[in-house]
Novice: 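Below is a structure I'd like to ask you about.
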Amino acid sequence: MQSDILSTQSLVRKFGELTAVDQVSFSVAEGQIFGLVGLNGAGKSTLIKMLITLLAPTAGTAQVCGFDLMRGAASIRRAIGYVPQLVSADGDLTGYENLNLYAKLYDVPSDNRRYRIREALAFMDLEAVGERLVKTYSGGMVRRLEIAQSMLHRPQLLFLDEPTVGLDPVARSSVWRHIMNLRKEFGTTIFLTTHLLEEVEELCTDMAIMTDGKMVACGTPAELKATVGPAATLEETFVHYSKVSREAAAGYAEAQLARRTARRLG
């Protein structure tokens, strides 16, 4: 039986009178790809920031990679990887130089650093462009480089914030393949946020839906669809739990994708 690599108990975060995360309790088993979806303002970003120790909870507890969220923040940061939504790679450095910088930040031993970097470039199919400036990369190549950066120290748990935002379908499929390979080759547990239900269908073994700060549904995609109806789609399931119309949900997802693409790519 798989043990939980992440669990929360009645996690709360308030900003004055606003409760952004409201009594959230859930768990993620080792080796899973867990997808978190929800409309804007649902609480996803606040929850992620707490789990990666960037934001302290107002109440509740959580354990990440075996460490208590409040007492073991430094240990948690060493055990996880994080790829933010916005571009984090330096365009004026080569792919190799970006990875070398991150290897030093993650304290990858110097005698193993070159091997880890070359391995990461090869794993992400970036070996041929490792000596090129990152500003010459395509969007998909930049995203794969950012994932490679986050994996240099062999994290147990990898957080990906909208990993394919702004990518065309071909680049998106390539990133999906590499994410699945991380789980297969390294046993990495992956926690991702996304506005693409197709991404959840393609990647996620488990998922959750947040609305108004609460986690209103959690399970496998098939389990959640079955709670709505025998032939329900994931879109119908999302609409049901988010309590919005199909048109509003579709319009929101499209608008968010356009806005975030523009913000990410500058």
Novice: Can you list the residues that meet the side chain to side chain contact (heavy atoms under 4.5 Å, CB included) rule with Gln63, with sequence neighbours excluded?
Specialist: Ser7, Gln9, Thr61, Asp68
Novice: List in chain and number order the residues that pass ring pair (Phe, Tyr, Trp, His ring centres under 6.0 Å) with Tyr137, two or more places apart in sequence or in another chain; answer none if no residue qualifies.
Specialist: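 None.
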Novice: Determine which pairs satisfy ring pair (Phe, Tyr, Trp, His ring centres under 6.0 Å) with at least one residue from residues 45-75, sequence neighbours left out, and list them in order.
Specialist: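 Counting only pairs at least two positions apart or across chains, no ring pair (Phe, Tyr, Trp, His ring centres under 6.0 Å) contact touches residues 45-75.
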Novice: Can you name the residues that form a side chain to side chain contact (heavy atoms under 4.5 Å, CB included) with Ala128, not counting sequence neighbours?
Specialist: none
Novice: Among residues at least two apart in sequence or on other chains, which ones pass side chain to side chain donor-acceptor pair (under 3.5 Å) with Ser173?
Specialist: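 With sequence neighbours excluded, Ser173 shows a side chain to side chain donor-acceptor pair (under 3.5 Å) to no residue whatsoever.
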Novice: Run the ring pair (Phe, Tyr, Trp, His ring centres under 6.0 Å) test against Phe26 and tell me which residues pass, sequence neighbours left out.
Specialist: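 Phe26 satisfies ring pair (Phe, Tyr, Trp, His ring centres under 6.0 Å) with Phe34 only.
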Novice: For Asp92, enumerate each residue passing the side chain to side chain contact (heavy atoms under 4.5 Å, CB included) test, keeping only those at least two apart in sequence or located in another chain.
Specialist: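 Only Asp90, Lys135 meet the side chain to side chain contact (heavy atoms under 4.5 Å, CB included) criterion with Asp92.
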Novice: My understanding is that only residues two or more places apart in sequence, or in another chain, count here; which of them pass side chain to side chain donor-acceptor pair (under 3.5 Å) with Arg77?
Specialist: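 Checked Arg77 against side chain to side chain donor-acceptor pair (under 3.5 Å); matches are Thr53.
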Novice: Under the rule for ring pair (Phe, Tyr, Trp, His ring centres under 6.0 Å), what residues qualify as partners of His178, not counting sequence neighbours?
Specialist: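 Expected list: none.
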Novice: Any side chain to side chain donor-acceptor pair (under 3.5 Å) involving residues 11-36? Give me the pairs, sequence neighbours left out, ordered by first then second residue.
Specialist: Gln2-Gln32, Ser3-Glu30, Ser10-Gln23, Asp22-Lys214, Gln32-Thr205
Novice: Please collect all ring pair (Phe, Tyr, Trp, His ring centres under 6.0 Å) contacts where either partner lies in residues 70-101, sequence neighbours excluded, each pair once.
Specialist: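 For residues 70-101: none.
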Novice: List for me each residue that meets ring pair (Phe, Tyr, Trp, His ring centres under 6.0 Å) alongside Tyr115, sequence neighbours excluded, and say none if there are none.
Specialist: none
